[in-house]
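Structure, as structure tokens:
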Amino acid sequence: MASPAPAAAVLAPGAKVLRGFLVSYQSNAAGDFWPLHTGRATVGRSNSGETLDIPLADATISSRHAVLNIDATTGSVQVEDTGSTNGTFVNDEHVGFNGRRELKDGDRVRFGGFTTVMKVISRPLP
């Protein structure tokens with residue numbers, strides 16, 4: 001007799017799920033990366049005194065530069081500029097002061113003069 005198929009994993013409400021990474025080779029030839037879990041991730045200049053999820057060591061980054069919103073249901077990732085001085089760019093296109101843009105795998109995301117690449121983890125199929 002064949003065993004029953006395993007039930008799909010059900011996540012507890014509010015569970016954080018890994019949906020991707022920001023990757024940069026700008027200040028480290030071996031590469032730096034920051035995991036992106038569902039929810040909000042604040043990006044800003046390290047040593048600014050702010051509580052940040054992704055602290056970046058670059059003078060062109062505002063203390064609270066941008067927010068990444070990672071949707072738990074769809075897995076979509078959006079970048080939102082939070083009024084930064086030197087702007088947030090996706091593939092060299094300015095998102096606008098307080099603007100938003102959906103990110104896709106391989107998009108170049110620049111915070112001021114600091115460039116990263118978005119790596120999206122595809123949502124598993126049921």
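Keep in mind that this is a model prediction, so the values were computed, not measured. Only this structure's heavy atoms are used, side chains among them; waters, hydrogens and symmetry mates stay out.
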Does the distance from a Lys or Arg side-chain N to an Asp or Glu carboxylate O, for Asp58 and Arg45, drop under 4.0 Å?
->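 So Asp58 does not pair with Arg45 through a salt bridge.
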Is the closest basic N to carboxylate O distance between Arg101 and Glu93 below 4.0 Å?
->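 Here Arg101 pairs with Glu93 in a salt bridge, since their nearest N and O are under 4.0 Å apart.
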Transitively linked via ILVMFWY side-chain contacts under 4.5 Å: [X] with [Y]?
X     : Y     : result
Phe89 : Val79 : no
Leu36 : Val95 : yes
Ile61 : Leu52 : no
Leu18 : Val23 : yes

Is the shortest side-chain heavy-atom distance between [X] and [Y] below 4.5 Å?
X      : Y      : result
Val43  : Val67  : no
Ile70  : His37  : no
Asp105 : Lys119 : yes
Ser27  : Phe114 : yes
Phe21  : Ile121 : yes

Is the number of heavy atoms from other residues, nucleotides or ligands under 6.0 Å of Asn28 CG greater than 12?
->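 Yes - once you tally the heavy atoms of other residues, nucleotides and ligands closer than 6.0 Å, there are more than 12.
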Considering residues, nucleotides and ligands other than Phe33, do more than 12 of their heavy atoms fall under 6.0 Å from its CZ?
->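 Result for CZ/Phe33: open.
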Between Val77, Leu103, Leu56, Leu68, which is the residue that forms a side chain to side chain contact (heavy atoms under 4.5 Å, CB included) with Leu22?
->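 Passing option: Leu68.
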Heavy-atom pair with the smallest gap, counting every atom of [X] and [Y]:
X      : Y      : answer
Thr85  : Ser62  : N-OG, 3.0 Å
Asp107 : Glu102 : OD2-O, 4.1 Å
Asp53  : Thr42  : OD2-N, 2.8 Å
Trp34  : Ser24  : CZ3-CB, 3.9 Å
Phe111 : Thr116 : CE1-OG1, 3.8 Å
Ser46  : Pro55  : CB-CB, 3.8 Å

Euclidean distance, [Y] [atom2] relative to [X] [atom1], rounded to 0.5 Å:
X      : Y      : atom1 : atom2 : result
Arg108 : Asp92  : CZ    : CG    : 4.5 Å
Met118 : Asn91  : CE    : CG    : 12.0 Å
Glu80  : Arg100 : CD    : CZ    : 4.0 Å
Arg19  : Ser76  : CZ    : OG    : 9.5 Å

Tell me, with the steps shown, if Thr82 and His65 meet side-chain hydrogen bond (donor to acceptor under 3.5 Å, both in side chains).
-> CA-CA 6 Å; Thr82 55; His65 195 100; over 6 Å; no
Verify, without hydrogens or angle tests, whether Asn86 (side chain) and Thr60 (backbone) share a donor-acceptor contact under 3.5 angstrom.
->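 Yes, Asn86 side chain to Thr60 backbone: donor-acceptor pair under 3.5 Å.
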